[in-house]
Protein chains: 2
Amino acid sequence: MRLMSPPVGLAALADTDLVGQVARVLTQAVINGQLAPGAKVVEAGIARELGISRAPVREAARLLEQQGLLVSHPRRGFFVRKLEARDIDEIYDLRICVECHAALLAAKNLTPANRDALRRQIDVLHETADLEDHARQVEEDYKFHRMVIEIAGSQRLLKVFDDLSSELRMVIGLIGRLYDDPSRIAQTHEALLDVLEQGHADIIAARFDYHIAAAWREVGKLVREIPASTNGAAP
Amino acid sequence: MRLMSPPVGLAALADTDLVGQVARVLTQAVINGQLAPGAKVVEAGIARELGISRAPVREAARLLEQQGLLVSHPRRGFFVRKLEARDIDEIYDLRICVECHAALLAAKNLTPANRDALRRQIDVLHETADLEDHARQVEEDYKFHRMVIEIAGSQRLLKVFDDLSSELRMVIGLIGRLYDDPSRIAQTHEALLDVLEQGHADIIAARFDYHIAAAWREVGKLVREIPASTNGAAP
DNA sequence: TAAGCGTCGATTGTCGACAGTTTAATCTTG
DNA sequence: CAAGATTAAACTGTCGACAATCGACGCTTA
């Protein structure tokens, strides 16, 4: 059963995967705040809303739980995870750990082809800098980082990053605007590509560390201007 | 529905979680080889065997898929993941990345209490060295490493480690014997605790890196004596 | 008025069923 | 006899149903 009204076209490639679709829908709902942190995710409600049964919804919820977007209290249901300042710190700490390592691997695997791909992505960053679409800016930013990890060539590294990303998108979606000076993000990423090309391990690690830590401080600052809430429900 | 016959006592605390139980059963089956790599996991079969319906089995399978123990081919079902040499490399590469980082954090958080806990675990390693129970040795080995990450204090770091661990247990279970000289593993872990206490970042990272890399080489050697198989099924 | 208790609606956990698809087995046919 | 077509069995994806449980509300009782 399709979620959207059949889009006429026969472009039903990787569509056949209900729980995947539900997972995407839920993820999106969490990211854009339709499902606020702490909100209860009522299986029957989602199911009815999507015109499907509860089974696929439950499976999708379990998936998102594993990814850290939802928490489940047995016999009480699934809830949108509340991220506290501590979680943000954990996420960025792990991001630094993982991305610095990935950057080193990526530098080793750097070919003209994927070097150009990165450069093109930086061009995209330049373009989006002018737009007022903050969400888009964040998205293209992530895409660059993700490309680096793809180049590193480890599926597991990529999975960790993707899981962290969806958690982060949640907070960032909540914060709203992220960059004070959008034009600068393209520049900072050029610096990242530079050190990758240069290929000196220490410098690469230091540069990526600095870059991510900067984002960490930025997000941390903005988050602390927002409600601090204890996670989960009382026992 | 309970899996075991009710153990009389009222110690039915965290029992109420069918999918959790199923997940554990399946994990165990994968680790000890009852479910061989590449084997098909038939939902109805598992369900019947456990005397439950397919729904919880499916949810558990999705969970293990997310953890990397199973792969799912839409419309064809779940299969036990086949780990190739490349996967082993990815796992250990990530382990080094994560555990070295965790070790640094752990060193900062090291208190007399958890320092003693680590030491006690090393004692256990000494004791199990005499036994011929290889599985037990591996398990206690992991427990030490896990404790370090617990001390580091990041839930996410711990989750990444746990996921990697279950994948690794799979390979190691397959290999059978892992240590040529069991008496040495206690020693090497003492060295790890030493550098943690000493608290010098570079030395900690280097030592953990070396320790894990050694295991990597060991496992890699043993794995390559075993069938190399392509993962998944043909499209 | 505040704490305790029972009731009722809402929601989860689990089950069995059914249709559509995949896989295995059997039967053709060149 | 081998390759392809055909049929039958097995399995997955999804659904709707039902009992058990949880949380809220209101009522009783100090």
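Letters go in sequence order (proteins before strands), and every chain restarts at 1.
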**Student:** Does A:Lys40 place a side-chain N or O at less than 4.0 Å from the phosphate oxygens OP1/OP2 of D:dG23?
**Tutor:**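 No, no such contact exists.
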**Student:** Give me the ring orientation class for B:Trp216 and B:Tyr92: parallel if the planes are under 30° apart, tilted from 30 to 60°, perpendicular past 60°.
**Tutor:**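 Parallel, since the angle between the ring planes stays under 30°.
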**Student:** How do A:Pro56 and B:Gly45 order along DNA chain D: which one's closest nucleotide is nearer the 5' end?
**Tutor:**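 With A:Pro56 and B:Gly45 compared, the 5'-side residue is B:Gly45.
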**Student:** Select one nucleotide: of C:dC15, C:dT12, D:dT14, the one nearest the side-chain heavy atoms of A:Leu18.
**Tutor:** D:dT14
**Student:** Take atom NZ in A:Lys108; do more than 12 heavy atoms of anything else shown fall under 6.0 Å from it?
**Tutor:** no
**Student:** Give a yes or no on whether B:Arg115 atom CZ has more than 12 heavy-atom contacts from other residues, nucleotides or ligands under 6.0 Å away.
**Tutor:** yes
**Student:** Quick check, are the ring centers of A:His101 and B:His101 under 6.0 angstrom apart?
**Tutor:**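 They do not qualify: ring centres at least 6.0 Å apart.
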**Student:** Rounding to a whole Å, what distance do you find between B:His73:NE2 and D:dC11:P?
**Tutor:**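 B:His73 atom NE2 is separated from D:dC11 atom P by 17 Å.
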**Student:** Let me know the distance between CG of B:Leu50 and P of C:dG13, rounded to the nearest Å.
**Tutor:** 18 Å
**Student:** So what does A:Val41 touch, heavy atoms closer than 4.0 Å: a base, only the sugar-phosphate, or nothing?
**Tutor:** sugar-phosphate
**Student:** Between A:Glu59 (CD) and C:dG13 (P), how many Å, whole number?
**Tutor:** 13 Å
**Student:** Please report, rounded to the nearest Å, how far the P atom of D:dC15 is from the CD1 atom of A:Ile46.
**Tutor:**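 In whole Å, D:dC15 P lies 14 Å from A:Ile46 CD1.
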**Student:** Strictly by modelled atom types, are A:Thr111 and A:Asn114 linked by a side-chain donor-acceptor pair under 3.5 Å?
**Tutor:** yes
**Student:** Quickly work out the B:Arg58 CZ to C:dC15 C1' distance and round it to whole Å.
**Tutor:** 14 Å
**Student:** Return yes if a side-chain donor-acceptor contact under 3.5 Å exists between A:Glu65 and A:Ser72, otherwise no.
**Tutor:** yes
**Student:** Quick one: which protein N/O atoms are closer than 3.5 Å to N/O atoms of nucleotides 16-21 of chain C? Pair and distance per line, please.
**Tutor:**
none

**Student:** May I ask you to decide if the ring planes of A:His145 and A:Phe161 are parallel, tilted or perpendicular, using 30° and 60° as cut-offs?
**Tutor:** parallel
**Student:** Can you tell me how far C1' of D:dT12 sits from CG of A:Asp17, to the nearest Å?
**Tutor:** 13 Å
**Student:** Rounded to whole angstroms, how far apart are CZ on A:Arg62 and P on C:dG13?
**Tutor:** 7 Å
**Student:** C:dT22 P sits how many Å from B:Phe78 CZ, rounded?
**Tutor:**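 After rounding, the gap between these two atoms is 16 Å.
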